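To start, the structure itself, in structure tokens.
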Amino acid sequence: MRLSKEKLKELIANKLHKAGLSTEHADGVADVLVHADARGVHSHGAMRVEYYAERIAKGGLNNKPNFHFEKTGPSTAIFDGDNGVGHVAAKLAMDEAIKMAKENGVAIVGVKRIGHSGALSYFVQQAANENLIGISVCQSDPMVVPFGGAEPYYGTNPIAFAAPGKDGKHITFDMATTVQAWGKVLHARSKNEPIPDTWAVDSNGEPTTDPFKVNALLPIAGPKGYGLMMMVDVLSGILLGLPFGNKVSSMYHDLTEYRNLGQLHIVINPEYFVGLESFQEGISTTMKDLNNIKPASGFKQVSYPGQRSAEREKAYEENGIEIVDHIYEYLISDVIHNNVYDHKSPFAK
Ligand code: NAI
């Protein structure tokens, strides 16, 4: 089923509002989810609505959060999300970081006590749209074996970066520090497709291609990905005084409880370094240089990070966004949720 961005956003927002969110927050979440679907990151798009609806309906997200923003220094601040939807808190916190970086050259804003915030590209692009560099990292539930370990400790702890080039084009890099985000396994489950044997292990610690047998994910590049997820947990957990490591709350363990997650935005103003014009020139040159690199066999062209997603977004604007049929059926139905997510284990079927 193909839907326009506007239609998809309306369906998602309606469902989340029916589940209990204010129209303002339902709209805010829908905007982030549609952004992900439009960029082809379906793992963090409409597919998540039923999970959010169940958590909202069961009280595991604060429907009337009292957001609180406090500057702790000229370039530092804390945004307390009061366990409301992470998407909205992270967006508002980035708005504040942007203001501060415009004034002071740099801003670091911790976003604490939030629910899941979705695809981080949304937030770093807020900064790039204002001619600033955006970096964002966040905690995620423990489902990854640390290098050499046989049980999960860290989450899929993503890292996102966006930098503005000329003509409104950005480089946007956004990745889970696992070989694949958990949402990609969920996407494979939703389509009943196998996964590559490099993504995850089963309950015996053996690589598996069956998305339903996954018992832990693998970090990217062994000890190096493991080191990156540790860094993310330090910056968005320990630094903000939040639960960290395997104490980070699970997405699925108890949908009636708040998650208390953390995220950290870093915004850098190029005007305080090389100057905006020169910076944008450099970014645009990098994009061209990368596109002009001789492609390896099997590749048509080297893409700069975020290029293919931006192209998809443009194509979807014209042709609509493709949504899996059963997700569409759910979105247009009167059902708020089917009570399938409160299953205590992140890896349950
Ligand atoms: P991915 O594997 O689809 O892409 C990772 C990066 O590689 C992207 O920046 C993409 O532009 C780039 N890329 C991919 N193929 C490329 C190619 N051929 N040439 C050049 N660049 C290429 O992303 P992943 O790791 O699956 O993450 C998906 C989303 O999940 C992200 O938006 C992330 O923020 C989100 N996430 C959110 C979490 C949360 O708790 N809020 C937890 C984990 C992930």
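Both backbone and side-chain heavy atoms feed into the values below; hydrogens, waters and symmetry mates do not. Since this is a predicted model, take the numbers as computed values, not measurements. All ligand and atom numbering here is 1-based and tracks the order in the structure.
More than 12 non-hydrogen atoms from other residues, nucleotides or ligands lie less than 6.0 angstrom from NZ of Lys71. Residue Tyr316 qualifies as enclosed at atom OH: its count of foreign heavy atoms under 6.0 Å is above 12.
The aromatic rings of Phe123 and His265 lie tilted to each other, with the angle between the two planes from 30° to 60°. Ring planes of Phe79 and Phe67: tilted class, angle from 30 to 60°.
When distances from atom 6 (C) of ligand 1 to the protein are checked, a heavy atom turns up under 4.0 Å. Put simply, atom 13 (N) of ligand 1 has no protein non-hydrogen atoms near it, under 4.0 Å away. For atom 10 (C) of ligand 1, the nearest protein heavy atom is 4.0 Å or more away.
When only interatomic distances are considered, the shortest N/O to N/O separation between Ala119 and ligand 1 does not fall below 3.5 Å.
Scanning all heavy atoms of the two residues, the minimum distance from His44 to Ala36 falls at O-CB, 3.3 Å. Smallest separation of non-hydrogen atoms from Ala127 and Gly134: CB-CA, 3.7 Å.
With distances taken over non-hydrogen atoms, the option nearest atom 4 (O) of ligand 1 out of Val302, Val137, Asp174 is Asp174. Between Met175, Met251, Lys184, it is Lys184 that holds the heavy atom closest to atom 3 (O) of ligand 1.
Under a 4.0 Å criterion applied to the non-hydrogen atoms of Cys138, ligand 1 contributes the atoms 39 (C), 40 (O), 41 (N).
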